[in-house]
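Before any comments, here is the structure.
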Amino acid sequence: MSDDGIRGLWTDLVRAAKDLAWASVEVRQRDLVRVLQARGCDARTRFRVIGGILQDHLLDVDHARQLLGRATFLNNIDLPSAIEAAAGLNEDDRVALAADFLCLPLPTSHYVVWLAIERASMPRVVMPIGTGSVTLYDSRLIAEVLGAEPDARRKDLPAELLSAGSYAGMFPADQFTLLARVDLGVRHGSFVDRDARLRLLTLLAPSSRFYPADWSVLPGSVVFRDDIEASYSVFEDVAQTNSSHRLDGVADGWLTQGASALEPHLAAQGSEQLTRLLKLVEWDAAHRSGDAITRVLLSVRTIETIAASHVGDMTWQELLMSYRSVFTWSQLKSELSSTAWHALVAYDRHPDERCRTRLREIHLEVVNYRRSEIVTRLDVLVDRLPEICELWDTDEEWSSGVLVERAVRHEQLVTLQHLWTDAASFQARMDEIEGDLALRERRLVRVRNAAQHGGPILDESVRSIVDLADRARQQIIADMVDGLVKGRACSSTLDGVRRLSDRRRRILSTTKSPVSALSVPVEFT
């Protein structure tokens, strides 16, 4: 859009604001943001400065004047005084200056865009493949580089990675993901993500792919301008997960990645309960310790605070017991996912080409990669278990080492299949896991009481419960914060957890089908 078009949108926005037509203001603002973004502008930065201009803040007015090449005031005033000073412009002059600032032309810079390709791999982790302006890297290599401090990073990789900071964690990393570095050269910042994506897709279009779903370019990107981070959008697969998946063992990842869900609530005035819980989370994070007994006691203290102040007047032991079924199902699902996933990932080690092809197809059907998280469709996986067992039960000649691997894997798969198809075996395994959890819960209570009253504490006891305490703390915090962000009271979240456990137990007792209980959704009031 031309400068005149932007000025027209700004004039309409100002007029709607003066008329107090807030619905119209919102529409005009969205249109203006889209136009600025299409021109490659950081709309948030421009609106922040414009907000200062409209409030007549001297520093923002001078910043805009300087970028527009006009005279400034700061030569005649010291900086401490300028922070609170007003520029002295009237309303019309402020509106006009804001319009000029909106139309400020974009400078040219050197742009590099990093994209991700799913279900793709290269033979060697350390080998980048160069194709002109597009270079492919194994994502695990890049993750290793970005995991190191900037001064310790390998110097033979692109310059922008040497200083990458806040966006370093955005890059996905796994065995079947490649990263594509697209060098767009010196240009304006408009449509850099789109142009880079088109260039990569054009490169991949004539290639021969063994499966249609292979070498799929993920949404999301990280953009560097002159070797400095400029913008990003999240790499995320189209696979869907429901609340029950998050409630069954991904609390640690949620606490790391869920900050994006909190961000809108932090700028605005959140609920009192959310504010109090976030203060508890901040305290909890500030007091994490590597010492096992300290970790246990702090975890109990956090759970105790949530039990007493956020979900009603209950003890921390009662809150912990409410999650016993969740942790039991989480362990069962983890055992299922881990064993079958490794059998699918090892498809290339199978000696029979037909079996390799089919295992690869099942792998693509069952396993999806979302950034650093692997999402497994467990219901589909259980349905495919008989076929997976049959595929690994082969009489083909194997080398001695792989023969042992095949035999062990086949035995594990057969045991797993029996577990998830025989109700009695499944219930026995559930009882075994729940019994172990109950034992460790009682030990956790004894250790906490001994520490509180000065009794003896065995190191072996502490080591056996520290993981449970950490896991419970993470899971409960994640569930409660997630519920409050979505407008749900903590008590409602806990009720949902209990209903999930009850429904699974009821379905398992009536249908005798573990798979039917596997995919039960969480229901909240």
Side-chain angles (χ1 to χ4, degrees), residues 33 36-49 67 104-118 120 122 125-174 177-204 217-236 256-257 259-260 263 369-372:
V33 168
L36 291 174
Q37 290 176 337
R39 292 180 63 156
C41 297
D42 184 344
R44 288 181 300 179
T45 300
R46 294 224 172 180
F47 274 103
R48 185 196 63 76
V49 176
L67 292 177
L104 190 69
L106 292 172
T108 58
S109 301
H110 181 237
Y111 284 93
V112 172
V113 180
W114 284 79
L115 303 170
I117 307 170
E118 187 192 36
M122 295 189 302
V125 174
V126 297
M127 184 176 68
I129 299 178
T131 54
S133 63
V134 179
T135 308
L136 303 180
Y137 291 85
D138 190 301
S139 61
R140 292 168 293 177
L141 168 66
I142 302 303
E144 179 182 343
V145 171
L146 296 176
E149 293 297 324
D151 292 340
R153 291 175 183 172
R154 291 175 46 172
K155 307 303 181 185
D156 58 336
L157 291 176
E160 66 269 13
L161 297 184
L162 300 180
S163 59
S166 58
Y167 295 171
M170 296 303 304
F171 291 88
D174 61 68
T177 297
L178 296 180
L179 296 178
R181 180 185 186 269
V182 185
D183 190 340
L184 296 177
V186 177
R187 52 168 288 166
H188 291 300
S190 304
F191 307 110
V192 289
D193 179 273
R194 184 204 65 179
D195 293 349
R197 191 171 301 275
L198 288 175
R199 189 173 299 189
L200 178 59
L201 291 172
T202 302
L203 173 70
L204 297 178
V217 180
L218 288 173
S221 64
V222 176
V223 178
F224 291 87
R225 182 178 61 240
D226 293 334
D227 295 341
I228 303 299
E229 299 159 341
S231 65
Y232 79 94
S233 56
V234 176
F235 297 96
E236 187 174 58
T256 302
Q257 303 170 18
S260 58
E263 186 177 358
Y369 299 93
R370 301 182 60 184
R371 197 176 160 211
S372 59

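Below, each value reflects all heavy atoms present in this structure, side chains not excepted, and no hydrogens, waters or symmetry copies. One is the number of the first residue; the rest follow in order along the sequence.
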Please find the pair of heavy atoms, one from V113 and one from V192, that lie closest to each other, and give the distance.
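For V113 and V192, the tightest heavy-atom pair comes out as CG2-O, 3.8 Å.
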Using every non-hydrogen atom in the two residues, find where L146 and R153 come nearest and quote the distance to one decimal.
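Scanning both residues, the minimum pair turns out to be O-NH2, 3.4 Å.
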Of all residues at least two apart in sequence or in a different chain, which pass the side-chain contact (heavy atoms from CB on, under 4.5 Å) check with R194?
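F191, L198.
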Just jot down the side-chain contact (heavy atoms from CB on, under 4.5 Å) partners of S139, sequence neighbours excluded, or say none.
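In terms of side-chain contact (heavy atoms from CB on, under 4.5 Å), with neighbours along the sequence ignored, S139 is linked to A173, T177, L179.
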[atom1]/[X] to [atom2]/[Y] distance, rounded to the nearest 0.5 angstrom?
X    : Y    : atom1 : atom2 : answer
L136 : L115 : CG    : CG    : 10.5 Å
T202 : R197 : OG1   : CZ    : 12.5 Å
Y137 : R181 : OH    : CZ    : 6.0 Å

Just to verify, what does R199 make a salt bridge (Lys or Arg N to Asp or Glu O under 4.0 Å) with, not counting sequence neighbours?
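Counting only residues at least two positions away or on another chain, R199 forms no salt bridge (Lys or Arg N to Asp or Glu O under 4.0 Å).
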Under 3.5 Å, is there a donor on one side chain and an acceptor on the other for D183 and S133?
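No pair is found: no donor N or O on one side chain lies under 3.5 Å from an acceptor on the other.
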With D227 via side chain to side chain donor-acceptor pair (under 3.5 Å) - residues at least two apart
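In terms of side chain to side chain donor-acceptor pair (under 3.5 Å), with neighbours along the sequence ignored, D227 is linked to no residue.
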Side-chain donor or acceptor of R46 paired with backbone N/O of L36 under 3.5 Å
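Looks like no, no N/O pair under 3.5 Å.
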One pair to check against side chain to side chain contact (heavy atoms under 4.5 Å, CB included): R187 and L184. What are the steps and the verdict?
CA-CA 7 Å; R187 52 168 288 166; L184 296 177; 3.9 Å; yes
If you define the side chain from C-beta out and look only at heavy atoms, does anything of V217 sit under 4.5 Å from L200?
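In short, these two side chains touch, coming nearer than 4.5 Å.
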Kindly indicate, with the supporting measurements, whether the criterion side chain to side chain contact (heavy atoms under 4.5 Å, CB included) is fulfilled by I117 and L218.
CA-CA 6 Å; I117 307 170; L218 288 173; over 6 Å; no
Just do the side chain to side chain contact (heavy atoms under 4.5 Å, CB included) check on D226 and E160 with the steps written out, would you?
CA-CA 8 Å; D226 293 334; E160 66 269 13; over 6 Å; no
Pair W114, I142 - check side chain to side chain contact (heavy atoms under 4.5 Å, CB included), show working.
CA-CA 11 Å; W114 284 79; I142 302 303; 4.1 Å; yes
